[in-house]
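Per chain, numbering begins at 1; letters A, B, ... match sequence-line order.
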Amino acid sequence: MRRLLITSALPYANGSIHLGHLVEYIQTDIWTRFQRMCENEVFYVCADDTHGTPIMIKAQDEGLTPQELISKVHKEHAQDFKDFLVEFDNFYTTDSDENRFFSEEVFKSLDKAGKIVIKEIEQFFDQEKQMFLPDRFIKGECPRCKTKDQYGDSCESCGATYSPTELINPFSSLSGSKPVKKKTKHYFFKLSDCEEFLIHWTKSGTLQPEAENKIQEWFKSGLQDWDITRDKPYFGFLIPGEKEKYFYVWLDAPIGYMASFQNLLQKKELDIKFDDYWKDSEKTELYHFIGKDILYFHALFWPATLNFSGYRKPTKIFSHGFLTVNGEKMSKSRGTFITARSFLDHIKEPEYLRYYYASKLNDSMADIDLSLDDMVTKVNSDLVGKLVNIPSRTFGFINKYFDGKIKPLNDIKTDPYYFELILKSLDLQDEIIELYENRLFSQVVRKIFTLIEDVNELINDQQPWNLAKNIEQNKEQLHNVLTTSAYIFRNATIYLTPILPNLSLNVAKLFNENIFHNFKQIHEDIKSVTRYKHLLQRLEAEQVDRLLDTNKKQDLLKQDDKKINMKEYISIEDLQKIDLRVALITKANFLEGADSLLKITLDVGSLGTKNVFAGIKSQYEPNNLIGKKTVFVANLAPRKMKFGVSEGMILAASDDKKGPFVLFPDEGAEPGMKIK
RNA sequence: GGUGAUGUAGCUCAGCUGGUUAGAGCGCAGGAUUCAUAAUCCUGAGGUCGAGAGUUCAAGUCUCUCCAUCACCA
């Protein structure tokens, strides 16, 4: 029995889980479940990554403390993972006592080993906010192509990279003020000292070949010492002995793997030694699943940190590519920036995504594409049309003619025609296990579906519906066909369990079993089957359309909110341009041929009588409006409409779901009064 | 800008260390079938393997150049 500790990268606690994140969690979860089905002892831990400036700023924006923000996000993340059947043994947080302990301990050990050095550096400082600015919070003109409003590290327009000090006219994106250069004392991890160790470690088979190539580039350019300090204000752990300096979030984030594991041992009171997993690489294996974007941290900083603070190194780092949707980068305006939650709201079935990802995942770092049309056809044709179709087309016969009973494996061995087919499904086990182990899930899926296709072919050839017409004569043959189908279907489902745990559970119930939890179960007899109930619904293309539409709309709303949040203020002069008046509704009428408009006649005091057409028919009866006062925009340019000239506008509130609701002023407001 | 990866049928992807007529699923066309959620099965059409050059008896597979896409740059 192998003993494995497996991790997925920690999601940052300032946003929702989206389909891009899920590639990794689903990939890891499949591999973890696979290892469990091979009877290995497996722990799968993760945590929210909770520290850093962006979290601090976001909490401020939302009027929360950072702790409140991360606890809110943690709940949301945990629910998303659970609903996508991502089964962590522990989903913890980096803002924990355990993590503080290990972070300090690692830091002290590194210091003792002479790997920590103090340097004075010069950084941009926002005098208004009284804080040092991370690169991405500084904006200015690109020094090369002069494009305005570029971030402090690189230009989105020409792709140049530079340091924020090179920007022309830099400004703080937090306060808008001009940052000044200021000196500060920082702790550095002497990565430059670790080159020999890292060259050896990265070439010892711990990385995929592509990742190894990528790493070479960094060696070529020379390893730079790593700044692990951030000045206050910051949300994170104080560096031991300091009052205003914190650990950079990337120091304590991977240590969060250790903290989450330690927390798991305590919480579940497991009789397992922490050191077996974190100090002794002989006894246990440690695997990190990550995205290719954070390879740098996991393949250089992390092993070096571990090695020089007395811990074991990871057994292997598995990096995967990025997710594109419909062949392009995920985009909020196209609606392809799909959150886990909105996928569930519209598609309902998390296993459709799990299946689709599995059918495309392999061991490489190449990006994978979620083609939504492709997902629909794949799910419908593979899962519904082929897999689930088997019990649907055979269980009726088994129940009707054989009282739900299936032949034992030994009995069918006498007939080589059928037994060979079953044998093929048994023999595939070794191959499938090897493919799973190597994370070649797309090939696993393809292999399994050759079995499914065999069964459908067998049923077509043998035509149980015809055999049943002359049941006395054909009973034996019919039973063989059905038995063979049942075994192969059962075995294929066992093989698919890591990918489709819920479906597997429901299929187990069809066979009067509790659960499929071990690949060895393919050798067990099937005793009986129950009545067939539909296992999966077809996926309709409209569901996908609605999913994209909803995400698109939400993005538009958010952009509106953002405009306000981004402090795109208007001046008081701008506001005074609008002549708002109290008006009395004297008449209100339906208009023939108008779907949403009412004709409203207003008494605006000194401005006289005005007519407007208001799109409020859905909410208001004309008679209920007469005699009420409302708010009127008096200097809006008159507009010719089908029904006449609209001489202004009355104000009403609405969002995408409800409204409009007309505004009514408080008592005492008289027609013609200015609103200011 | 530097570096890494990717580019194979309409779509999504397999093709191990170079070796006979380049594969799968979906889609499409034709047929079979009706047990099954219009599901299933059979047959077929579809590719100068991003472009160009080179190495070799032989290249999708190795080398070089170029083009496009994605990522990273601490």
Notebook entry, point to check: Can you find a side chain N or O atom of A:Lys360 that sits less than 4.0 Å from OP1 or OP2 on B:rC13?
Noted result: yes

Scan [X] against the nucleic acid and name what it touches under 4.0 Å (heavy atoms): base, sugar-phosphate only, or nothing.
X: A:Arg446; answer: sugar-phosphate
X: A:Asn362; answer: sugar-phosphate
X: A:Leu372; answer: nothing
X: A:Gln224; answer: base
X: A:Ile390; answer: nothing
X: A:Gly396; answer: nothing
X: A:Gly222; answer: base
X: A:Trp218; answer: sugar-phosphate

Among [options], the nucleotide that comes nearest once only the side chain of [X] is considered:
X: A:Lys386; options: B:rG25, B:rU37, B:rC35; value: B:rG25
X: A:Asn213; options: B:rC26, B:rA5, B:rC11; value: B:rA5
X: A:Phe322; options: B:rU37, B:rA71, B:rU12; value: B:rA71
X: A:Asp293; options: B:rA71, B:rC26, B:rU37; value: B:rA71
X: A:Ala366; options: B:rA5, B:rC70, B:rU12; value: B:rA5
X: A:Arg538; options: B:rU34, B:rU37, B:rA36; value: B:rU37

Can you measure [X] atom [atom1] to [N] atom [atom2] for me and round it to whole angstrom units?
X: A:Gln208; N: B:rA5; atom1: CD; atom2: P; value: 12 Å
X: A:Arg531; N: B:rC35; atom1: CZ; atom2: P; value: 17 Å
X: A:Leu361; N: B:rC13; atom1: CG; atom2: P; value: 11 Å
X: A:Asn326; N: B:rC26; atom1: CG; atom2: P; value: 20 Å
X: A:Asp367; N: B:rG7; atom1: CG; atom2: C1'; value: 12 Å
X: A:Glu212; N: B:rA5; atom1: CD; atom2: C1'; value: 15 Å
X: A:Phe441; N: B:rG25; atom1: CZ; atom2: P; value: 23 Å
X: A:Asn389; N: B:rU33; atom1: CG; atom2: P; value: 18 Å

Checklist line | Any donor-acceptor N or O pair under 3.5 Å, side chains A:Asn456, A:Lys386 | finding: no

Check: Between the side-chain atoms of A:Asn460 and the base atoms of B:rU40, is any donor-acceptor pair under 3.5 Å?
Finding: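 Result: at least one qualifying N/O pair found.
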
Note to self: Ignoring hydrogens and geometry beyond distance, is the side chain of A:Lys214 in donor-acceptor contact with the base of B:rC72 at under 3.5 Å?
What the structure shows: yes

How far, in whole Å, is [M] from [N] if one measures between their [atom1] atoms?
N: B:rG7; M: B:rU12; atom1: C1'; result: 14 Å
N: B:rG50; M: B:rA5; atom1: C1'; result: 15 Å
N: B:rU63; M: B:rA71; atom1: C1'; result: 25 Å
N: B:rC41; M: B:rA59; atom1: P; result: 38 Å
N: B:rG19; M: B:rU6; atom1: C1'; result: 26 Å
N: B:rG27; M: B:rG10; atom1: C1'; result: 7 Å
N: B:rG60; M: B:rU21; atom1: C1'; result: 16 Å
N: B:rG18; M: B:rC11; atom1: C1'; result: 29 Å

Student check: side-chain heavy atoms of [X] and [Y] closer than 4.5 Å:
X: A:Asp374; Y: A:Tyr356; result: yes
X: A:Lys245; Y: A:Thr184; result: yes
X: A:Thr339; Y: A:Phe343; result: no
X: A:Tyr187; Y: A:Val117; result: no
X: A:Arg230; Y: A:Phe132; result: no

Hunt down the Watson-Crick or G-U wobble partner of [N], both distances under 3.5 Å, from any strand shown, or write none.
N: B:rG2; answer: B:rC72
N: B:rA32; answer: B:rU40
N: B:rU55; answer: none
N: B:rG60; answer: none
N: B:rA9; answer: none
N: B:rA45; answer: none
N: B:rU17; answer: none

Notebook entry, point to check: Taking for each residue the nucleotide of RNA chain B bearing the nearest heavy atom, is the 5' side occupied by A:Pro464 or by A:Leu223?
Noted result: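 The residue closer to the strand's 5' end, by nearest nucleotide, is A:Pro464.
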
Notebook entry, point to check: Where each residue is assigned the nucleotide of RNA chain B containing its nearest heavy atom, which of A:Ser364 and A:Asn380 is assigned the position nearer the 5′ end?
Noted result: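 Upstream on the strand: A:Ser364.
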
Checklist line | Chi-based syn or anti call at B:rG46, which uses purine or pyrimidine torsion atoms and a 90° bound | finding: syn

Margin query: Quick one: does any side-chain atom of A:His479 pair with a main-chain N or O of A:Lys405 as donor and acceptor, under 3.5 Å?
Written below: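 Yes, because the side chain of A:His479 sits within donor-acceptor range (under 3.5 Å) of the backbone of A:Lys405.
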
Next item on the list: Pick out which of A:Phe107, A:Trp226, A:Phe235, A:Phe189 makes a ring pair (Phe, Tyr, Trp, His ring centres under 6.0 Å) with A:Phe247.
Entry: A:Phe107

Check: Parallel under 30°, tilted from 30 to 60°, perpendicular over 60°: which one fits the rings of A:His18 and A:His21?
Finding: tilted

